Every structure is written in C-alpha cells, then in structure tokens.
A.B. asks: 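Got a structure for you, questions after.
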Amino acid sequence: MEAKADENKYSIIIPTYNERLNIALIVYLIFKHLPNVNFEIIVVDDGSPDGTQDIVKQLQEVYGEDRILLRPRAKKLGLGTAYVHGLKHATGNFVVIMDADLSHHPKYLPSFIKKQMETGSSIVTGTRYVKGGGVHGWNLMRKLTSRGANVLAQTFLWPGVSDLTGSFRLYKKSVLEDIISSCVSKGYVFQMEMIVRASRKGYHIEEVPITFVDRVYGSSKLGGSEIVEYLKGLLYLLVTT
Amino acid sequence: MKHIVKIMALLVALSAVWISLLQTSVLPKSQTWLLPLYFIVSLGCYGLLMVGVGLMHFPTCPHEAILLQQDVVEAKEFLKGKGVDVGTD
Ligand SMILES: Nc1nc2c(ncn2[C@@H]2O[C@H](COP(=O)(O)OP(=O)(O)OP(=O)(O)O)[C@@H](O)[C@H]2O)c(=O)[nH]1
Ligand SMILES: [Mg+2]
C-alpha cells in the first residue's frame with residue numbers, strides 16, 4: 001500500500017566537507033523550492049576546518065532544528081559512509097541524496113518528487129544526458145572523460161540508466177537501505193555501484209533531466225587518479241554484479 | 001548471474017558461430033579467419049564514434065550558470081538579513 005502524498009516525508013541527505021558558503025545557499029534554495037513539502041535536511045559534516053558546522057547551527061536558528069539536522073562526524077571519512085551515516089538518522093519514507101556544492105540545484109527537487117509519484121518508482125535519478133539536461137563549466141578534457149566513461153559503461157555493463165555517475169537521486173528509504181549495505185566502493189564509483197546494483201535487483205528506476213553547473217565556491221574533493229579508479233570500478237562491477 | 005558471465009557467454013556464442021563458419025566454409029577461409037579482427041575493430045570504431053557523437057552533442061547550459069548567480073545573490077541577501085554569516089565577497 002502506497003502512502004498518500006501528504007503523508008510522505010523526504011529526508012534530504014547532504015554530505016559536506018568545507019562547504020561553509022554552499023551549505024547556506026543550498027538550504028535557502030531547498031526551502032524556496034519545496035514550500036509545501038514535508039522534508040528534513042540532514043547535513044553530514046566531516047569536521048570541516050572551515051567552520052561549516054557553525055553555519056549549519058546558524059541555519060538551524062533560522063529554519064528550526066527539526067528541519068535541519070546536523071549529524072557530524074569527527075573526521076573526513078569519505079562520501080560512501082557519509083550517506084550510510086545520514087541514512088541512519090533519516091525519519092522520512094523517501095531519501096534524497098545531493099551534493100552541497102550547488103551543482104545539484106534544488107529547483108529540480110519538485111520534478112523528482114512528481115516523477116516518483118506518477119510512476120511509483122523506487123529510484124528517481126537525475127540525468128544530464130537527455131533533452132532538458134546539460135552541463136556547464138567543463139573543459140574539453142572533462143567532457144571527453146565523461147563521455148568515454150559513459151560509453152564504456154553502457155557497452156559493458158548495460159546499466160539501464162543514461163547517467164551513471166550523477167549522484168542527484170531520490171530513493172525509497174527501504175530501497176536505499178537495501179542497496180547501500182551491499183555497496184563497498186569509494187568515491188565516484190560508489191554512485192555507479194549503487195545504481196547498477198539497484199538495476200540488477202530489478203528496482204524500478206526513472207530518470208529526470210537535470211542541469212549541472214560546475215562548482216562555483218569551494219574546492220573539489222576528488223583527487224587526480226579518477227580515471228584509474230573508474231576503470232577499476234568498472235571491472236569490479238563486471239565481476240560482482 | 002554475474003554480468004561478466006553474460007558477456008563471456010556472448011563471446012562463447014560468437015566463437016561458436018565463427019568456428020562453425022570456419023568448418024562449413026560458406027565464406028572463403030581467408031575471410032573467415034579475419035572475422036574476429038573485424039569484430040574488434042568495429043567495436044573500437046563504434047566506441048570512438050559514440051564518444052565523438054557524444055562530444056559533438058554534449059548538452060550544455062550556459063544560461064543555468066547565470067540563473068544560479070541570481071539565486072546566489074538572492075540567497076545571500078535573505079540569509080544576511082537573518083544573521084547567517086555568508087561572508088562579504
Ligand atoms: N561528509 C563528507 N562529505 C564529503 C566528503 N568528500 C566530499 N564530500 C561532499 O560531497 C559532495 C561532492 O563532493 P565534490 O567535491 O563536489 O565532488 P565532485 O562533485 O565529484 O567534484 P567537483 O567537480 O568539485 O564538483 C560535496 O557536497 C562535498 O562537500 C567527505 O569525505 N565527507
Ligand atoms: Mg561537485
């Protein structure tokens with residue numbers, strides 16, 4: 001039995017590391033674009049030295065501690081486990097995962113929610129590679145690696161979704177709990193592993209177009225050897241899923 | 001079934017077809033011997049073509065960057081009014 005629309009609650013998990021300014025901006029934008037939705041924001045901060053947590057506390061003053069939950073960890077432990085950590089504290093029946101750096105714009109949240117309601121799908125994933133989607137701020141090299149990675153994955157993995165490494169997604173909470181426990185990858189590959197495992201398990205996955213503007217504030221946390229990591233991840237998924 | 005098994009099965013099936021082609025010699029033998037090479041080359045070409053097409057039609061959204069800047073200005077103004085420290089830059 002599906003819960004009625006107004007009984008749904010969305011837990012938005014945002015992992016942060018040195019996102020002092022971005023977290024404030026994104027929280028404002030989330031509240032702006034989800035005026036009549038029951039949601040909570042769970043910020044998983046890994047002891048950012050720039051004082052991200054101070055800003056989150058200020059935001060709690062403005063929006064309320066019941067709407068913005070700060071669930072910090074002592075040190076930088078990586079993205080994958082940040083999601084697991086946030087998920088433990090989620091009280092909604094749906095979970096949204098998004099980056100803090102404004103590459104994932106909250107204005108798309110209503111279309112994720114709408115798509116899920118229309119289709120009853122278990123996962124709605126944002127894709128940059130369909131009509132209405134797009135990327136801004138990437139140089140040729142980044143576009144090339146992105147396309148190459150995508151073609152490789154589509155040719156060998158047959159994942160059933162068009163944008164594997166994008167991480168702006170809405171999950172039924174039970175589904176996320178189910179797949180996250182079987183995922184072991186780190187970083188980038190983690191997003192890919194989640195969606196491939198979900199697809200193999202036969203979960204209903206829908207896509208909505210999103211645009212992706214490369215981060216304006218703060219700095220990237222993903223290191224240089226991305227391509228090697230990606231290829232290892234691809235191989236790993238080939239033999240384990 | 002692990003995905004690699006599916007791919008292996010596909011490869012085995014292809015080799016079976018190839019071997020039977022070799023034995024029945026519907027095609028000239030010299031041609032048949034080269035088939036796997038053709039296969040690999042065309043797979044490579046397909047990959048390069050897809051990457052090339054993907055690059056040419058890479059969807060971009062410069063307008064979104066402008067919209068985002070407007071959102072940032074709006075958000076900063078609101079948050080500053082509420083006493084949230086959003087810096088001075
Ligand atoms: N809690 C936590 N958050 C992290 C960690 N690493 C990255 N993040 C956050 O995860 C999100 C994605 O990280 P990014 O650095 O933007 O990675 P990316 O989007 O692949 O790279 P960019 O090109 O810089 O956008 C951001 O909100 C980061 O603040 C971590 O170790 N712990
Ligand atoms: Mg980012």
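Naming convention: chains lettered A, B, ... in sequence-line order (proteins, then strands); numbering from 1 in each chain. This one's a predicted model, so the numbers in the text were calculated from it and none came from an experiment.
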A.B. asks: Do the rings of B:F78 and A:Y28 sit parallel, tilted or perpendicular, given the 30° and 60° boundaries?
C.D. replies: tilted
A.B. asks: Measure A:V62 against the heavy atoms of chain B and call it side chain, backbone, both or neither at under 4.5 Å.
C.D. replies: side chain
A.B. asks: Return the minimal non-hydrogen interatomic distance between A:R147 and B:L55, and the atom names on each side.
C.D. replies: CG-N, 4.0 Å
A.B. asks: Once you round to the nearest 0.5 Å, how far does NZ of A:K32 lie from CG of B:D71?
C.D. replies: 5.0 Å
A.B. asks: Quick check on A:F31 against chain B: is it the side chain, the backbone, both or neither that has a heavy atom closer than 4.5 Å?
C.D. replies: neither
A.B. asks: Of all of A:L157, A:D214, A:N150, A:L237, which one pairs up most often with chain B through heavy atoms under 4.5 Å apart?
C.D. replies: A:L157
A.B. asks: Is it the case that more than 12 heavy atoms not belonging to A:K114 sit under 6.0 Å from its NZ atom?
C.D. replies: no
A.B. asks: Which bit of A:V135 is near chain B, if near means a heavy-atom gap under 4.5 Å: side chain, backbone, both or neither?
C.D. replies: both
A.B. asks: Compare every heavy atom of B:A75 with every heavy atom of A:L25, then report the nearest pair and how far apart it is.
C.D. replies: CD2-CB, 3.6 Å
A.B. asks: Among the options B:H57, B:Q69, B:K82, B:E74, pick out the one with the most heavy-atom pairs lying under 4.5 Å from chain A.
C.D. replies: B:E74
A.B. asks: Can you give me the closest heavy-atom contact between B:T60 and A:K143, atom names plus distance?
C.D. replies: CG2-NZ, 3.9 Å
A.B. asks: Quick one: do B:Y46 and A:T155 satisfy side chain to side chain contact (heavy atoms under 4.5 Å, CB included)? Show the steps, please.
C.D. replies: CA-CA 10 Å; B:Y46 163 82; A:T155 311; 4.1 Å; yes
A.B. asks: Assign the ring pair B:H3 / A:W158 to parallel, tilted or perpendicular, where the plane angle (0 to 90°) is split at 30° and 60°.
C.D. replies: perpendicular
A.B. asks: Are B:K76 and A:L21 packed together at the side-chain level, in the sense that at least one heavy-atom pair is separated by less than 4.5 angstrom?
C.D. replies: yes
A.B. asks: Name the region of A:K131, side chain, backbone, both or neither, that has any atom closer than 4.5 Å to a heavy atom of chain B.
C.D. replies: neither
A.B. asks: Measure distances from A:L29 to the heavy atoms of chain B and classify the residue's part below 4.5 Å as side chain, backbone, both or neither.
C.D. replies: side chain
A.B. asks: As an exercise, state the distance from OH of A:Y236 to CD1 of B:I4, rounded to the nearest 0.5 Å.
C.D. replies: 14.0 Å
A.B. asks: Quick one: of B:G52, B:G83, B:P62, B:P59, who has the most non-hydrogen atom pairs under 4.5 Å with chain A?
C.D. replies: B:P59
A.B. asks: Could you tell me if the side chain of A:L102 sits less than 4.5 Å from the side chain of B:V72, heavy atoms only?
C.D. replies: yes
A.B. asks: For residues A:V216 and B:L68, report the shortest heavy-atom separation together with the two atoms involved.
C.D. replies: CG2-CD2, 4.2 Å
A.B. asks: Considering non-hydrogen atoms only, spot the tightest contact between A:A24 and B:L79 and give its length.
C.D. replies: O-CD1, 3.4 Å
A.B. asks: For the residue pair B:C61 and A:G134, what are the closest heavy atoms and their distance?
C.D. replies: SG-C, 3.6 Å
A.B. asks: Determine the option with the most heavy-atom pairs under 4.5 angstrom with chain A, choosing from B:V51, B:L48, B:L43.
C.D. replies: B:V51
A.B. asks: If you count heavy-atom pairs under 4.5 Å with chain B, which of A:R20, A:K107, A:H136 comes out on top?
C.D. replies: A:H136
A.B. asks: Need one label for B:I7: side chain, backbone, both or neither, based on atoms under 4.5 Å from any heavy atom in chain A.
C.D. replies: side chain
A.B. asks: Quick check: does any side chain N or O of B:E64 sit under 3.5 Å from a backbone N or O of A:V213, one acting as donor and the other as acceptor?
C.D. replies: no
